[in-house]
Amino acid sequence: MSKPETTNAEIIRLLSLMGHFLEIKGENPFRVRAYERAAQTLSGLTRNLSEMAPEELGNLPGIGPGMTAHIQEILSHGNLKDLETIKKQIPEGIIKLLDIQGMGPKRAKLLWQTLKIDSIEALKKAAVEGKLRDLPGFGEKLEQSILKGADFAQAAAKRMLIWDARTIAADIVQRLKKSGVVVEAVAAGSLRRGKETVGDLDILTTARNGSKAIEFFTKLEQVERVLGAGETKATVWLKNQIQCDFRVVAPDSFGAALLYFTGSKEHNVVLREQALKLGMTINEYGIFKLTKGKAGRKVASKTEEEIYKALGMKWIPPELRENRGEIQAARSNKLPKLIELQDIRGDFHNHTKLTDGANALEEMAEAARAMGWEWVFVGDHSQSLKVANGLSPADLHRTIKEAQEFNAKSKGFRIFRSMEVDILKDGRMDYTDEDLGAIGAVIAAVHTHFKISGDEMTKRVIRAIENSHVDIIAHLSGRLLNRREPYEINVEEVLGAAAKNQTALELNGQPERQDIFDTQAKRAKELGVPLVLTTDAHSVHQFGYIQIALNIARRAWLEKQDLLNTMSAKEICEWLGN
DNA sequence: GCCGTTTTCGGCCCGACTGTTTTCAGTCG
C-alpha cells in the first residue's frame with residue numbers, strides 16, 4: 001500500500017518553518033531569505049511537486065540544489081532531518097512569538113534563552129509580572145508594548161477581504177482629500193495590487209506640511225490606537241480591526257513613494273537590485289545616480305513611469321508586481337495588455353430568487369444591462385442542493401421558457417438561461433442528460449463532499465469537464481477565505497482536461513470565494529483553457545463584484561482575448577453551439 | 001541558500017520609527 005502523498009502545502013509549510021527557525025538561530029539573513037523565497041515560489045505552483053523531476057525543480061526561481069534536496073527529502077520521508085534537529089534545540093512555540101508586533105527573531109531568542117519563554121501565554125505572564133523590563137535592550141515601555149502586541153496577535157492574524165478593505169480605505173482617502181492638509185491621497189499596498197485579501201491598509205499622501213498631515217490622520221475618528229507616529233509616517237489600528245500605515249512625502253516624490261508603497265516587497269527588492277547594476281539607487285524619494293556608494297544626482301521621482309523608464313523598462317501594472325517574471329517581461333517589452341473593465345460585455349454566473357438569490361430574472365437582466373453589458377447568463381442551483389432550494393426539473397423547464405419570452409420582447413439585450421449544476425460525488429451531474437440538453441448553458445460545480453481525497457476529487461471534476469453538456473466549471477477550489485480551505489485537487493490535471501475538452505473555467509468575483517487563484521488562472525491560459533469572469537451575484541447589487549473577478553484576471557496576466565466575457569451575444573451563441 | 005549583461009565566489013535593498021542607549025540595535029514594510 002502506498003503512503004499518503006505529501007502535498008505542496010505541507011512542503012511549503014516545512015520550508016517556511018525552517019526559515020523561521022534559522023532566523024531565530026541567528027543564521028545568515030540571506031539564507032533565511034532563501035527559504036522564504038523558495039516557499040513563495042512553490043506557493044504559486046499548480047503542479048504537484050511529487051510529479052516534478054529534480055531538474056524541473058532546479059529551474060524554478062529561488063530553487064537551487066539545496067532546496068531541491070529538501071523538497072525530495074520531504075517527499076520521500078514526510079519530514080526534514082535538519083528541521084527535526086533544530087526542533088530539539090529550539091521549541092516550536094517560539095515561532096508563534098514572531099506574530100507579535102515588535103517581536104522579531106533577536107528578541108524572541110533572548111526571551112527564550114533567559115526566561116524560557118516559548119509561547120504567547122508565557123510571554124504575557126512574564127510581561128505582567130514585569131520580568132521583561134530588566135533584560136538587556138528592554139525597558140518598561142517595550143514590556144508594555146509587547147504585552148499589548150501579544151493581545152493583538154490573534155486579531156491581526158486574519159486578513160481582510162479586498163472588497164471590505166477598499167471601502168474603508170476609500171473613506172479615509174476621502175476625508176484626507178477634503179481636509180486640505182494633503183495634496184494627493186491614494187491607497188497603495190496589496191489593495192492597489194488587487195490581492196484577494198489585504199493584511200493592512202497603506203495610504204500614501206503628498207503634502208507640503210508633513211507633520212500636519214500626520215496629526216490629521218492619527219486623529220481620524222476611525223482610529224482606535226496609534227501604534228507609532230513620526231515626521232513622515234504613522235501606523236494605527238483602526239476600529240475596523242485592521243492596521244493602517246500612513247506615509248507622507250513631498251509632492252515631487254509622489255511616483256517614487258507610490259512605487260515603494262505599492263510593493264510587493266519582492267518586486268521592489270528586484271527593482272533596487274536592477275538599479276544598482278545600472279549604477280543607480282532607488283528609495284521612496286526617487287531614483288538617483290550612485291556616486292561614491294551614495295545617492296547623488298536625482299534621475300526621476302515624480303511618476304512611476306519615469307522611474308521604470310530610468311531602469312530601461314515600461315511601466316508595470318500594480319497587479320503584476322509580485323516578482324513572477326514581470327520585470328523581465330517589462331525589460332524585453334513583453335508585458336501583457338491587461339483586460340480592462342470596459343472590455344467586458346456580460347456575466348456568466350449569478351442567481352435569482354427562484355433559488356438563493358434575491359431578485360427575479362427580469363430584475364437581474366435589467367441590472368446587468370445597467371452595467372453597460374449586452375448579455376447575461378442567469379442561473380440557479382440544481383435540484384440536489386437543498387440548502388439553496390435547488391430547482392426541480394419541472395421548475396427548470398418553466399424558467400427556461402421564461403427566459404425565451406424575455407428574449408422575444410427584449411431589444412439589444414439577451415439572457416442566456418443557465419444553471420449552476422452540482423457535480424455529484426462520483427462526477428455525475430445533478431440533472432439527466434435530457435434536462436442538461438435543454439439548458440442554454442451549464443455551469444458545473446462542487447458544492448458537497450469536499451473532504452474526499454485529491455485523487456477522487458480530480459477524477460470527479462474531470463468527469464464533469466468531459467461531459468459534453470457542461471460549458472463552464474465553477475468554484476475550482478471551494479474555498480471560503482478565512483473560513484474554509486480549498487478542497488484537495490490536482491489542478492494541473494484538471495487544467496489539462498479543460499484545455500483538451502475546451503470546457504471553460506470560472507474566475508469567481510464573490511469577495512470571500514475568488515476561485516481560482518491568480519497563478520492557476522495564469523497557468524490555465526498557458527494551457528489554452530477558455531476562461532470566464534463571473535460575479536456569482538445573488539442580488540442586483542452584486543454585479544459590482546465583476547471588479548473582483550477582474551482583479552484575479554489582471555493578476556493572472558490575462559488579456560482581452562483570453563476571456564469569453566469580451567464576446568458579443570452572437571459569438572456566445574456560437575461558442576455554446578446553440 | 002541562490003545566483004551571474006562585471007562574478008562559479010562574494011555578493012545578496014533601503015529608510016523610518018521606537019526605545020534603549022549615549023551612538024545604535026531591533027523591527028517593520
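Here is the naming used below: chain letters follow the sequence lines, and residue numbers restart at 1 for every chain. Side-chain atoms are counted along with the backbone in the values below, which use heavy atoms only and exclude waters and symmetry mates.
Residue Gln144(A) contributes atom CD, which lies 11 Å from atom P of dT20(B) at whole-angstrom precision. Summarising the geometry, the separation between CG on Asp82(A) and C1' on dG1(B) is reported as 12 Å, rounded to the nearest angstrom. Atom CD of Glu36(A) and atom P of dC28(B) are 12 Å apart (whole Å). Counting to the nearest Å, the C1' atom of dT27(B) and the NZ atom of Lys265(A) are 11 Å from each other. Taking atom CD1 of Ile146(A) as the reference point, atom P of dG19(B) lies 11 Å away to the nearest angstrom. Atom-to-atom, CD1 of Ile24(A) to C1' of dT27(B) comes out at 13 Å; the value is rounded to the nearest Å. Rounded to an integer number of Å, the gap from Phe30(A) CZ to dC9(B) P is 20 Å. Regarding Arg33(A), its CZ atom lies at a distance of 12 Å from the C1' atom of dC14(B), rounded to whole Å.
Taking atom C1' in both dA16(B) and dG11(B), the straight-line distance is 26 Å, to the nearest Å. A distance of about 30 Å separates the P atoms of dT20(B) and dC14(B), rounded to the whole Å. Rounded to whole Å, the separation between the C1' atoms of dT21(B) and dC17(B) comes to 15 Å. Rounded to whole Å, the separation between the P atoms of dG15(B) and dT8(B) comes to 29 Å. On the C1' atoms, dC13(B) is 12 Å away from dG29(B), given to the nearest whole Å. Spacing between dT18(B) and dT23(B) at atom C1', rounded to whole Å, works out to 15 Å. Here the separation of dG1(B) from dT5(B), taken at their P atoms, is 23 Å to the nearest Å.
With Leu97(A) as the fixed residue, the side-chain contact (heavy atoms from CB on, under 4.5 Å) test singles out one of Ile24(A), Asp118(A), Ile146(A), Ile120(A): Ile120(A).
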Polar atom pairs (N or O), protein with nucleotides 15-18 of chain B, under 3.5 Å:
| from | atom 1 | to | atom 2 | distance (Å) |
| --- | --- | --- | --- | --- |
| dG15(B) | OP1 | Asn283(A) | ND2 | 3.4 |
| dA16(B) | OP1 | Tyr285(A) | OH | 2.9 |
| dA16(B) | O3' | Thr232(A) | OG1 | 3.2 |
| dC17(B) | OP1 | Glu231(A) | N | 2.9 |
| dC17(B) | OP1 | Thr232(A) | N | 2.7 |
| dC17(B) | OP1 | Thr232(A) | OG1 | 3.3 |
| dC17(B) | OP1 | Lys233(A) | N | 2.9 |
| dT18(B) | OP1 | Ala229(A) | N | 2.7 |
| dT18(B) | OP1 | Ala229(A) | O | 3.0 |

Mind listing the N/O atom pairs, protein and nucleotides 2-6 of chain B, below 3.5 Å?
| from | atom 1 | to | atom 2 | distance (Å) |
| --- | --- | --- | --- | --- |
| dC2(B) | OP1 | Gly64(A) | N | 2.5 |
| dC2(B) | OP1 | Gly64(A) | O | 3.3 |
| dC2(B) | OP1 | Met67(A) | N | 3.0 |
| dC2(B) | OP2 | Gly66(A) | N | 3.1 |
| dC3(B) | OP1 | Gly62(A) | N | 2.8 |

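Looking at Leu17(A) and Tyr35(A), their side chains never come closer than 4.5 Å, going by heavy atoms from C-beta outward. Side-chain contact between Glu196(A) and Arg555(A): present, with at least one pair of heavy atoms (C-beta onward) separated by less than 4.5 Å. By the 4.5 Å heavy-atom criterion applied to side chains, Leu558(A) and Lys525(A) are counted as neighbours.
Put simply, Arg272(A) has no side-chain N or O that comes within less than 4.0 Å of OP1 or OP2 on dC13(B). At dC28(B), none of the side-chain N or O atoms of Gln243(A) fall inside 4.0 Å of OP1 or OP2 (strictly under the cut-off).
Nucleotide dT27(B) forms a Watson-Crick or G-U wobble pair with dA16(B), both donor-acceptor distances falling under 3.5 Å.
The Asn28(A) side chain lies nearest to dG1(B) when the options are dC28(B), dG1(B), dT27(B). Of the candidates dT27(B), dT20(B), dG1(B), the closest approach to any side-chain atom of Leu142(A) belongs to dT20(B). Taking only side-chain atoms of Asp202(A), from C-beta outward, the nucleotide of dG1(B), dC12(B), dG29(B) with the closest atom is dG29(B).
The aromatic rings of Phe246(A) and Phe217(A) lie parallel to each other, with less than 30° between the two planes, well short of the 60° mark.
Heavy-atom neighbours of Glu140(A) CD from other residues, nucleotides or ligands within 6.0 Å: at or below the threshold of 12.
Each of Met280(A) and Phe261(A) lies near DNA chain B, and the nucleotide nearest Met280(A) is the one positioned closer to the 5' end. Of the two residues contacting DNA chain B, namely Glu140(A) and Glu273(A), the nearest-nucleotide position lying further toward the 5' end is that of Glu273(A).
Taken from CG in Leu115(A) to CD in Glu129(A), the straight-line distance is 10.0 Å, to the nearest 0.5 Å.
The salt bridge (Lys or Arg N to Asp or Glu O under 4.0 Å) analysis of residues 15-34 of chain A, with sequence neighbours excluded, yields the pairs Glu27(A)-Arg31(A), Arg33(A)-Glu273(A).
With sequence neighbours excluded, the residues that form a side-chain contact (heavy atoms from CB on, under 4.5 Å) with Asn323(A) are Arg37(A), Glu266(A), Val270(A), Glu326(A). Taking Thr218(A) as the reference, Ile214(A), Val226(A), Ala229(A), Ala234(A), Val236(A) meet the side-chain contact (heavy atoms from CB on, under 4.5 Å) condition, with sequence neighbours excluded.
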Extract all donor-acceptor atom pairs below 3.5 Å that involve side chains of residues 53-61 of chain A and protein atoms in other chains or at least two apart in sequence.
| from | atom 1 | to | atom 2 | distance (Å) |
| --- | --- | --- | --- | --- |
| Glu56(A) | OE1 | Ala53(A) | N | 3.0 |
| Glu56(A) | OE2 | Arg47(A) | NH1 | 2.9 |
| Asn59(A) | ND2 | Glu55(A) | O | 3.4 |

